[in-house]
Amino acid sequence: MQPHLLSVDELSRDDIERILGRAESFAEVSGREIKKVPTLRGRTVINLFYEASTRTQSSFELAAKRLSADLITLKAAGSAVDKGESLKDTVQTLSAYDPAAIIIRSPHAGAAGLVARWTSAAVINAGDGKHEHPTQALLDLYTLKRRAGSLEGLKVWIVGDVLHSRVARSNILAFTRMGCEVTVCGPPTLIPRGIESLGCGIRYTLDELGSADVVYALRMQRERMTGAFVPSLREYAARYQIDGRRLGPGQLLMHPGPVNRGVELAAEVIDSPQALIAEQVESGVVVRMAVLYELLAGRGAPDAARAGADTEPQPA
Ligand code: ASP
C-alpha cells in the first residue's frame with residue numbers, strides 16, 4: 001500500500017480486508033467509556049476542508065482525537081485561502097508544523113494527488129471533486145459486511161447522479177474488488193460514458209431493480225451541475241426515486257448522505273429498518289481511525305513511523 005490514500009484503485013483486496021479488520025478492533029474501543037487509544041500521541045493531523053462537509057469532517061476529527069493525535073481543522077472560509085492564498089502555499093505553510101497526515105477535501109478532482117507532491121505528510125483524500133472519496137467506500141464496505149455477513153457475490157445497484165459522484169467511482173472500484181456485482185442506474189445524461197470500464201453494468205431504468213441485494217442511492221449533486229441534466233427534479237423522482245414501492249422487503253438501502261428527502265429517496269425508506277444510512281455514519285469513525293492507523297502506524301507507514309504496528313489497541 002502507498003504512504004497516501006488517494007484512490008481506492010491503490011488498494012489491494014488484502015489492504016481492504018486489513019483496514020476493515022482494524023476498524024473492527026477500533027469498534028471495541030468505541031464501545032468503551034473512554035474512547036481513546038494512545039497510538040498517535042504527539043503526532044499532528046491536519047484536516048483541510050475546502051468544501052462543505054458534515055459527516056466526513058466530524059468523523060475524521062473524532063478519529064484523530066480517539067487516536068490521541070493533535071488535530072487542526074482548517075476550512076477555506078476564515079483561513080488565509082479567503083485572502084487568496086493558493087493550495088500549494090497553504091500546504092507548504094502547514095507543513096512547517098511537521099504534520100503526520102493531511103486530510104484534504106476539495107472541489108477539484110486531483111487536488112489530493114497534488115497535495116501529496118507538496119508535503120512529506122501522509123495525504124488522505126476526503127473527496128476531490130468528481131474524482132474519488134476512498135474512505136466513504138471503505139466505510140460502506142465495512143457497514144455492508146457487518147449487516148450482510150459477507151460481500152462476495154452481492155448484487156449492488158448504484159442509482160442516481162453517477163456522473164457527478166466521486167462516491168460512485170470509489171464504490172464501484174471497492175465493491176467489485178471485494179467480489180460484488182455492481183450495476184449503475186440513472187438517466188443517460190447522468191451516467192458517464194465509459195463507466196463500464198470500471199467493471200460495472202449499466203441500466204437506464206429501475207425495471208430490474210428487484211435483482212439487487214443492495215440499493216445504493218446517490219444525491220443529485222446540483223452544486224456540480226452546470227446545465228439541466230434532468231427535465232425537473234419531480235420528473236427525476238417519478239422515474240428514479242427509491243420509495244416503499246420500489247424497494248423490495250429483502251433489499252438493503254444505503255446512501256452516503258446528505259439525503260435530499262423526496263428526491264432520490266422517499267421518507268418511508270429512509271426511516272425503514274432496511275436503511276443502513278445511520279450505520280454508515282457510525283462506521284465513519286472507526287474506519288477513519290483504521291485508515292489513520294494504517295498510514296501512520298501500520299503496514300502502510302514508513303518503518304521509522306511504525307509504533308506498535310499490528311498490535312491490538314491499548315487504552316490511553
Ligand atoms: N457526502 C458525499 C460526498 O462528499 C456524497 C454527497 O455529497 O452527495 O461526496
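Ligands are counted one by one from 1 in listed order, and the atoms in each one are counted from 1 as well.
- Separation of atoms CD1 (Ile46) and CG (Asp98) is listed at 9.5 Å; rounding is to 0.5 Å.
- Shown are His133, Glu61, Glu51; of these, the side chain to side chain contact (heavy atoms under 4.5 Å, CB included) with Thr56 is made only by His133.
- Within a 6.0 Å sphere centred on CZ of Arg13, heavy atoms belonging to other residues, nucleotides or ligands number more than 12.
- Heavy atoms from other residues, nucleotides or ligands lying under 6.0 Å from CZ of Arg55 number more than 12.
- Figure legend: cation-pi geometry between Arg105 and Phe49 absent, as NZ or CZ is not positioned both under 6.0 Å from the six-membered ring centre and within 45° of its axis.
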Side-chain atoms of residues 108-124: list all donor-acceptor pairs with protein atoms under 3.5 Å, sequence neighbours left out, distances to 0.1 Å.
from: Thr119; atom 1: OG1; to: Ser95; atom 2: OG; distance (Å): 3.2
from: Thr119; atom 1: OG1; to: Ala121; atom 2: N; distance (Å): 3.0

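- Enumerated by chain and number, the residues approaching ligand 1 to less than 4.0 Å through a heavy atom are Arg105, His133, Arg166, Val167, Arg219, Gln221, Pro256, Gly257, Pro258.
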